[in-house]
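Quick notes on the structure that follows.
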Amino acid sequence: MSQYTIMVDLERCIGCKSCESACKLENGVSEGRYRTKVIWVNPQKGGKLLFVSSPCMHCGKPACKQACPTGAIYKRPEDGVVLIDKARCIGCRYCAWACPYGAMGFDEDKMVADKCTYCAHRLAKGEQPACVVKCPGHALSFGKASELAANARSEGRWIRNIDVGTKPSTVYLERLKP
Amino acid sequence: MKLTRRAFLKVAGVAATVASMPLTAKGAEDLKTHKPYTESGIAPVPEKVVTSGCMWCQNGCSMKVHVKAGRIVNIYGNPDDPVTGGRLCPKGQNNVNVLYNKYRLKAPLKRIGPRGDSSSYKEISWEQALTEISDKLKAVKDKYGPESLAWWVAGRSESQARSGLSGTFQKLYGTPHREGTGPFCNFAGGAASNSILGHNNPPWTYTREDFGGADFYMFVGSNMAASKPVMFGAVNDERIKRKAKLIVVDPRMSEAASRADVWLPIRPSTDMALALSMIYHIIEKNLQNQEFINDKVLGFDKLKAFLIEKKYTPEWAEKVTGISATTIKEIAEEYAKTEKAIIMGNAGLSHHTNSMLTHRAFYMLAAVTGHFGKPSMGYGCGNNGGTSMGSISVPKEKEVKPKKQRLGKSPVAWVEPMITGKPYPIKAFMSMGNPFVMWPDQERIRTALDNLDVSVYFSVFPSVETTYFDYVLPSSPWTESGGVGPVSDERRFAFNPQIIQPLHQAKPERWIFIELAKKMGWGDIFKDEYKDPVKLQKAMSKKTGFSPERFFAKKEGALRGPLPAPDAPEIGTLYTEKHGVPGKKGQFPRPSGKIEIWTEQLDKAFKNQGLNPFEFYADPEIGMKDGLPYLEYIDDDTSEGVTSQLIGKMRARRVKVKYPAGPEISGFDMYLTTGRPSASQFHAGTHWVWNLNEQMPDQYCMIHPEKAIEIGISNGDKVKIEGIKGHVLAKAWVYEGIRKDTIFVPHGYSAEQPFTQWKSINFITNKDKRCPISDQTNYKALICRVSKA
Ligand code: SF4
Ligand code: SF4
Ligand code: SF4
């Protein structure tokens, strides 16, 4: 398997929330619900305002998958995308409680879990995720984890360690040091 | 989705606190009623994809509109657009949710009851509405003269109607009072540019080679991350790739400032002092580009002598701006020594009583260091207007020339004549924007309509105006209308084909103006065939290069002016030796062909109104609070004043720079500055679009933690902001990245919006304190006190 990833560059992100809109339009996500959300983090002690765009982490060991009593959540073997089989979802929300990144949402109309799919339907057409192609900041890139990491390293960038034990695939690049 | 604290801290970094504001919108509305058009499911595969342009901001993005079964189902960026590379901000793509929006005005309305009450309106036919309006316009003209019609052609509507047809209408009617959004936006920047370079537009294009290619950027009063997100994203990308330097001068750490190497929290209203002292230091160190000056600049010696006489040193500027003299010297030297260096201004400079002189000071800074003539350099301000696309001409014998002098540049100048009838009355008012949200002095403005014989409001959405104006006309936005989008900062227009038919009974403004003009008796000029945007464009562009064929030949569907002839080529950077400005004479199309810092004629023009072109003054409330020089106004909006010699033939106000002996006002300990809330908002209109509103739902008050402790508030509390004119409420956003003595409150919110309701900050701003030259209102440097609400 060659894991897909979105690489989020915390230095390039300009906080515009275009990724939120792109996702909502592409995936029919309604008001107050999110598959990705941009969090603005206040500056602290002379630091800078930070923006964190937060799609699903498509973890190597997905906590949601482990928590799901019906086996509705699966990790696609060919590219590591974590998906929900909505027909098997019973709406118990155990997955949402389990996800340490808060990436699991809920569709209250259909009473099923809902989250970022890395735009699997677009990937199937050979297209990149909606949020990635629209991002004004060039802050999101999509591809094979190993290639993206190599690119970042060649720009002298550091990857932020965000692992709390689930081996997340979505990657965050540290801000540049002043 | 909700973030659990455990992993979130990992992602965001230690000790993270989430900014209070961007949390989920919980408005008065039932959340469930605001769904995307797809009703939960992925966007359908489009049957066709049409190239169009965005109607919102001056980034001017080209877009790919996805259509299925006669419905617009999604919008992507246009990968063939050399400006955007296919990127889009939240607003551009949300044009979908502008169209399919339950709040839209659906039919013409007539007021039959008291103002201020939405139940005072009844639906009428277009025929009745336009007949009655035209009858009233004719009667006003007969009784009071043509000058008594005022027309604010604002709004995000398409440019053919807004700047084309409405101008033809104006010439036939004979009023001097037709104005766009410029005086609320960045008219001062273009006026300053005209007065010094001889043309309004900034030198650069928004391409990686030009605007994106500098090694040094200084953004002054420009939060480009929110105002032009797509281009800022590219600049930020370039900054990281090429290690370019970014300095942002702003009282608060804006989104743009949060990406900068250096953030300089300047005291509001004092940017001119920064520019002047940078020039002072550059001259003192002999870092000016003397060869460039000798060749291409007039008036350098006058400037130098004045700076020395007034002692506008970095040390002086430190006291005025709050930026240390050492820093000023450092950035001045670095700027002078870096060839590819860009300084960009925006509304943060234009919304002041010193806007014209401040922009001029930055132009002078770029001129004395030789920063004009090549790509990736120079000074320029955002949104400085377009270049001529052509028009529907009016035969000489039919044109009615106004007999009375136009009353000021700003539409705000119409308010007192509406209320008092002095110096002569305005009796008819047509508005395509939101005066009751965006104009200063909201209390006073609400009383103005009472004295009018007719008031007409054109809009896509309801607002407070739709409970005050006599007639409300529903207009069709964007691809429903078709036409030409608003011009970008860098002179680009995109053509929008009409993709779907107008929904409800809404009509394109083009259609409305033509039908209204026919009823005025001008059907021979306003031809029915012009209702077709392509035919109208063809007719308008006879003498210019903006023909439909040329638009359609471009993959991005956009053309960059000036195109003064049908076959004129598009050019990139302006003010180069090779191109200058197409259609105008010389590299710098001033009368001398040079950059005019000072000439006798300019000096006379400034003196005409009591100003010296180099003299620093602050905004009145700041001057009174801190004992800095400020303007006293000799003329007000009811007086005749003098005729402007700088921005066209119109009434201009005379002033005197006052040097107070010390502070003159007490009881207000804070500065108040206002601006755009975030990239998702564009004044009032975006607040009717659920996905845009939810991204910044509340009128916030950005306030420093120390001040928050002093007044006993925490993040998210309601605070009361009291200014000289009035008070409003806002939600506290306790934020370390703002001057301790300053609060920032965004504009565009109002008490009549559907999701969240806030009394507009413009109940505090003052319409009488405007720049005497540009006539722009001071929205950005007021004084106030803040308390727990
Ligand atoms: S679209 Fe890109 S730049 Fe904008 S908030 Fe999302 S990640 Fe950041
Ligand atoms: S990859 Fe697709 S589903 Fe995931 S956040 Fe981006 S747009 Fe949404
Ligand atoms: S940046 Fe401006 S022009 Fe581009 S999509 Fe956003 S609002 Fe439209």
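Atoms considered below: every heavy atom in the structure, side chains included; atoms not considered: hydrogens, waters and symmetry mates. Remember, it's a predicted structure, so these values are computed and weren't measured experimentally.
Ranked by heavy-atom pairs shorter than 4.5 Å toward chain B, the options A/Gly15, A/Gly156, A/Ser21, A/Gly137 are led by A/Ser21.
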Steps toward side-chain contact (heavy atoms from CB on, under 4.5 Å) verdict (B/Ile75, A/Leu25): CA-CA 8 Å; B/Ile75 300 171; A/Leu25 282 165; 5.8 Å; no
Audit row: B/Ile42, A/Arg122, side-chain contact (heavy atoms from CB on, under 4.5 Å) steps and yes/no: CA-CA 10 Å; B/Ile42 57 173; A/Arg122 283 178 60 88; over 6 Å; no
Pair B/Glu255-A/Trp40, side-chain contact (heavy atoms from CB on, under 4.5 Å): steps then yes or no: CA-CA 10 Å; B/Glu255 296 95 297; A/Trp40 288 23; 3.4 Å; yes
Trace of the side-chain contact (heavy atoms from CB on, under 4.5 Å) decision for A/Val133 with B/Arg87: CA-CA 7 Å; A/Val133 302; B/Arg87 315 277 161 160; over 6 Å; no
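In the model, B/Asn74 has a side-chain atom that pairs as donor or acceptor with a side-chain atom of A/Glu26 under 3.5 Å.
Formation of a donor-acceptor pair under 3.5 Å by the A/Glu20 side chain with backbone atoms of B/Gln695 is not found in this model.
Counting heavy-atom neighbours within 6.0 Å of B/Lys707 NZ, excluding the residue itself, gives a total above 12.
Of the two parts of B/Lys91, neither the backbone nor the side chain holds a non-hydrogen atom closer than 4.5 Å to a non-hydrogen atom of chain A. Residue contact with chain A, scored on non-hydrogen atoms closer than 4.5 Å, is absent for B/Ala256. Within the 4.5 angstrom heavy-atom criterion, atoms from both the backbone and the side chain of B/Asp237 approach chain A. If you measure heavy-atom distances from A/Ala22 to chain B, the contacts under 4.5 Å come from both the backbone and the side chain. For A/Lys115, no part lies near chain B; criterion is any non-hydrogen pair under 4.5 Å. Looking at A/Asn161, both its backbone and its side chain come within 4.5 Å of chain B, counting heavy atoms on both sides. Heavy atoms of A/His121 lying under 4.5 Å from chain B belong exclusively to its side chain. Heavy-atom distances place both the backbone and the side chain of B/Ala225 under 4.5 Å from chain A. Looking at A/Val171, neither its backbone nor its side chain comes within 4.5 Å of chain B, counting heavy atoms on both sides.
Contact record, A/Pro43 with B/Gly737: CG-N, 4.0 Å, taken as the closest heavy-atom pair. Closest of all the heavy-atom pairs between A/Asn42 and B/Tyr735 is OD1-CD1, 3.3 Å. Across B/Gln93 and A/Ser18, no two heavy atoms sit closer than the pair NE2-OG, 2.8 Å.
Two residues are said to be in side-chain contact when any heavy atoms from C-beta on lie closer than 4.5 Å; B/Arg259 and A/Arg12 fail this criterion. Contact annotation: the side chain of B/Trp263 never approaches that of A/Lys48 to less than 4.5 Å [non-hydrogen atoms, C-beta and beyond].
To the nearest 0.5 angstrom, A/Lys17 atom NZ is 11.0 Å from B/Leu692 atom CG. With values rounded to the nearest 0.5 angstrom, A/Cys16 atom SG is found 11.0 Å from B/Phe232 atom CZ. To the nearest 0.5 angstrom, B/Ser258 atom OG is 8.5 Å from A/Glu11 atom CD. Here the NE2-CD1 distance, from A/His138 to B/Ile240, works out to 10.5 Å after rounding to the nearest 0.5 Å. A distance of 11.0 Å separates CD1 of A/Ile14 from OG of B/Ser254, quoted to the nearest 0.5 Å.
The residues A/Lys24 and B/Glu694 are annotated as salt-bridged, a charged nitrogen and a carboxylate oxygen being separated by less than 4.0 angstrom.
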